[in-house]
Amino acid sequence: MRGDWVVIGTAFCYLALLFMVAAWGDRRAEQGRSLIGSPTVYALSIAVYCTAWTFYGSVGRAAQYGPSFLLIYLGPTLAMLLAPFTLRKMVRIAAQQRITSIADFISARYGKSSRLGALVAIMALITITPYIALQLKAITVSHAVLMNYPLGADITLENERFWMDRSFWIAMVLAVFIILFGPRHLDASERHEGMVAAIAVESLVKLIAFLAVGVFVTFIMFAGPGALLAEVAATPALINSMRLENVPGGATGWVGMLLLAFLAFFTLPRQFQVLVVENVDEQHLHRASGLFPLYLLLINLFVIPIALAGLLLVEGDPDSFVLTLPLSAGLEGLPLLVFIGGLSAATGMVIVETIALSTMVSNQLIMPLLLKVKRLYIGRHGRLADWLLNIRRIAILLILLMGYLYHALIGDSYSLVTIGLVSFAGVAQFAPALLIGLYWRGATRQGATLGLLAGFFIWFYTLLLPGFAQSGWLKETLITQGPWEISWLSPYALLGLSGWDIYTHSLFWSMLVNVSLLIGVSLFTRPTPLEQTQAALFTEAMHPNLQTTSLWQGETTEGALHALLIRYLGSMATQRVFASQTAQPVTETDAYQRPASKALITRAEQSLAGSLGSASASVLINSVLRGEALDVESVLTILDTTSQALEYNRQLEQKSQELARVGEELRSANERLRELDRMKDEFVAMVSHELRTPLTSIRSFAEILRDTPDIAADKRQQFLSIMVLESQRLSRLIEEILDLARLESGRLTMKPVAVNLTKLAKQIAMPSSAYMRRTVLGLSFMQRMLPPLSLRTQTALSRSLLTYWKMHENLLTLNTQR
Amino acid sequence: MNPFSAPSRRRERLIALALLALFMFCPPMLLIVDRLPGLLGWLPLYLFVVWGALIGFTAWLVEPPKEP
């Protein structure tokens with residue numbers, strides 16, 4: 001039943017199924033009905049994080065080192081918690097700048113530097129190759145276990161030529177498979193929808209397979225977790241297996257591993273591919289930040305039961321417990337399902353990783369080299385597009401071959417988890433340049449380059465080199481006594497720092513040097529304008545007012561641009577770039593002479609960046625531009641916008657304080673206005689009263705004259721002159737009110753004249769003398785009292801002052817006497 | 001509920017949750033749990049329970065509030 005052909009046939013059927021899912025996904029994408037536009041699919045595609053290492057290696061690590069295997073998943077859980085801050089920013093930048101890979105991202109951040117991009121690409125190749133080897137090893141070993149049980153897996157793996165080696169053929173089959181549905185479009189920033197759909201399916205398959213084994217082991221082989229734990233408790237050797245003391249490096253090792261997994265989650269090329277490049281919608285990140293950790297929790301739920309059961313029941317390699325446990329129970333179907341689950345985990349990783357790496361190889365390594373060869377500038381139309389796709393296909397084949405070679409030459413000396421962790425520590429070196437560059441505008445290209453190089457060197461020296469020594473390539477004494485017997489240079493105890501586990505030790509030294517150099521060198525180097533602009537665009541990517549206008553200012557014609565795009569991207573992509581440019585078709589000659597707009601140049605650059613990487617795109621656009629290439633004004637605008645962002649909070653605070661102050665001022669002004677209004681009312685009442693006095697006397701004298709026709713002539717004369725005087729006083733009063741108005745508006749000019757006060761008093765007293773005579777007060781009294789003095793004053797004013805004084809005094813006295 | 005404060009509060013809450021998670025997964029807490037009396041040790045159970053609670057909290061925080 002468990003024949004070779006059944007297993008191989010099932011595996012091929014499974015791969016064919018995946019291929020169909022991928023083809024379906026691609027077709028749906030072409031029809032505009034995307035399969036992957038949901039946060040669940042997105043979360044499942046992120047689960048490509050769980051490779052064969054998770055599937056087989058977690059149980060192995062749990063069996064050996066207790067709960068430390070969980071750290072590999074707790075790190076990403078923490079990372080996903082912060083996804084709305086970190087990953088969201090990366091996703092937005094990648095969409096704005098048409099980023100194709102992590103190498104492209106780092107290169108674009110530091111001024112579209114092609115050297116930095118190439119460096120990251122090479123480092124990624126070196127660190128990831130062992131990881132791919134690990135997947136091949138997992139498939140081969142699991143197949144051997146499945147076929148040879150109850151014999152060990154090693155028997156068939158030894159002493160075979162490569163054409164007899166299964167892992168070689170597995171690598172080749174995978175290469176063909178990936179080439180078939182991987183790089184279909186030249187534009188690598190476009191989504192590989194089919195691939196993502198296939199990965200999501202694979203994630204489901206491996207989860208189901210692992211849960212099936214877990215349920216089988218826990219509830220069928222044992223009567224539930226309680227029974228399993230009871231048996232473990234009865235075995236003295238296993239009592240302490242799940243305690244902290246079993247974790248390598250103890251508490252320090254624990255923190256180191258947590259940090260390692262946290263950083264690697266961002267920087268693994270395949271994670272960057274699915275998290276950032278393949279992201280369809282920023283909003284999916286929110287839901288995925290809960291869903292993806294849930295997936296991790298589920299796939300790890302049964303790791304400890306399986307590990308403990310394996311330790312209790314079967315012997316052999318703990319990495320194979322997932323397979324050997326159901327095999328030992330005599331099952332046929334479940335081991336096959338487990339094998340398919342492991343195959344899913346391994347192929348998923350290999351597919352995404354090789355596609356990400358092949359894009360890096362073609363865009364960051366080969367393309368810049370090709371651009372240096374002048375001959376290619378005059379290559380034939382559209383040929384380069386085919387070239388690039390073929391480069392990517394060859395790169396896929398070569399990467400898998402490298403993985404196979406690593407596996408064949410070194411891989412056997414390492415356990416699954418060890419290889420994985422070495423890779424983790426290697427890619428973690430990208431984290432400072434990536435994450436610090438995302439938030440600190442001051443990070444420069446030189447700082448990033450030196451930090452990467454130094455960190456990478458220390459990683460190589462403290463993890464990879466000892467690995468070679470363990471494989472017998474180098475002397476074992478390198479590890480135990482250090483090179484040339486210099487003990488403080490010992491790779492596992494640099495400067496005598498011993499007692500830590502090797503990964504924490506390596507991570508500590510490499511990160512220390514990496515971060516220090518990045519920050520230190522950045523503080524003392526000057527970035528170029530393009531670097532500054534890119535830094536601003538990256539650090540302020542979430543700023544709502546960020547301008548993404550063209551930075552190019554040199555002149556070129558539409559024809560030259562058209563020719564460039566045709567040459568590198570082919571006619572389809574060129575049409576897309578030009579389609580939105582001109583509504584009406586133009587004749588060839590017209591187009592060749594018309595100057596290209598800034599928007600068109602930007603679109604062309606973005607299109608090139610999506611296919612060739614930002615560094616090469618920048619070089620190519622530069623090659624057709626005449627004059628100053630970078631628009632200094634645009635650069636300054638962007639820098640301005642973003643420096644405004646820094647000022648934004650401060651200004652807002654100032655504004656709100658100002659508003660509060662203005663509000664207070666308005667309130668007091670309002671109060672003052674009310675007071676003035678009240679005073680005005682009083683004034684009007686008073687003035688009306690004053691106007692009525694002369695009017696009343698005029699009226700009363702006029703009535704006397706009317707009613708007594710036989711009045712004496714001298715009396716009549718006196719009355720008439722009083723009336724004249726009173727009417728004069730009335731007009732003076734009005735004149736004075738007008739004076740007051742002038743005084744208020746500041747237009748009154750003072751003209752002092754001499755006034756005889758006695759005469760003035762007489763004048764004032766005249767109208768009311770008749771009235772006064774009837775009272776006790778006599779005018780003679782007033783005449784006596786007032787000396788004949790004179791004042792230099794404004795006539796009208798002095799008179800009115802006196803009038804007021806007198807009237808009030810008199811009226812008051814009279815009233816009180818009455 | 002002030003609708004204007006929702007996004008910023010969510011950010012703050014998520015950061016606080018991440019810090020809490022970091023604390024729960026780091027040695028001081030682990031040492032305490034690891035030293036609890038028990039034959040096999042409570043560490044794995046503790047880790048899974050905290051992990052599950054964390055996922056629950058995250059899901060609750062990031063889900064946009066349902067429109068009434």
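Quick caveat: nothing in here was measured; it's all calculated off a predicted structure. For the numbers below, each heavy atom of this structure counts, side chains included, while hydrogens, waters and symmetry mates do not.
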Does [X] reach the side chain of [Y], with side-chain heavy atoms less than 4.5 Å apart?
{"X": "B/Leu14", "Y": "A/Leu81", "value": "yes"}
{"X": "A/Leu70", "Y": "B/Phe48", "value": "yes"}
{"X": "B/Leu54", "Y": "A/Pro293", "value": "no"}
{"X": "A/Leu296", "Y": "B/Ile55", "value": "no"}

Please flag which part of [X] lies under 4.5 Å from any non-hydrogen atom of chain B: side chain, backbone, both or neither.
{"X": "A/Tyr73", "value": "both"}
{"X": "A/Leu229", "value": "both"}
{"X": "A/Leu297", "value": "both"}
{"X": "A/Thr77", "value": "side chain"}
{"X": "A/Leu291", "value": "neither"}

State whether the number of non-hydrogen atoms from other residues, nucleotides or ligands found under 6.0 Å of [X] atom [atom1] is greater than 12.
{"X": "A/Arg92", "atom1": "CZ", "answer": "yes"}
{"X": "A/Trp440", "atom1": "CH2", "answer": "yes"}
{"X": "A/Phe508", "atom1": "CZ", "answer": "yes"}

A/Leu78 and B/Ala18: which non-hydrogen atoms are nearest, and at how many Å? CD2-O, 4.1 Å
Identify which part of B/Leu47 has an atom lying under 4.5 Å from any heavy atom of chain A, answering side chain, backbone, both or neither. side chain
Interatomic spacing from OG1 in B/Thr58 to CZ in A/Phe292 - rounded to 0.5 Å: 13.0 Å
Top residue by heavy-atom pair count (under 4.5 Å) with chain B, among A/Leu74, A/Leu258, A/Leu294? A/Leu74
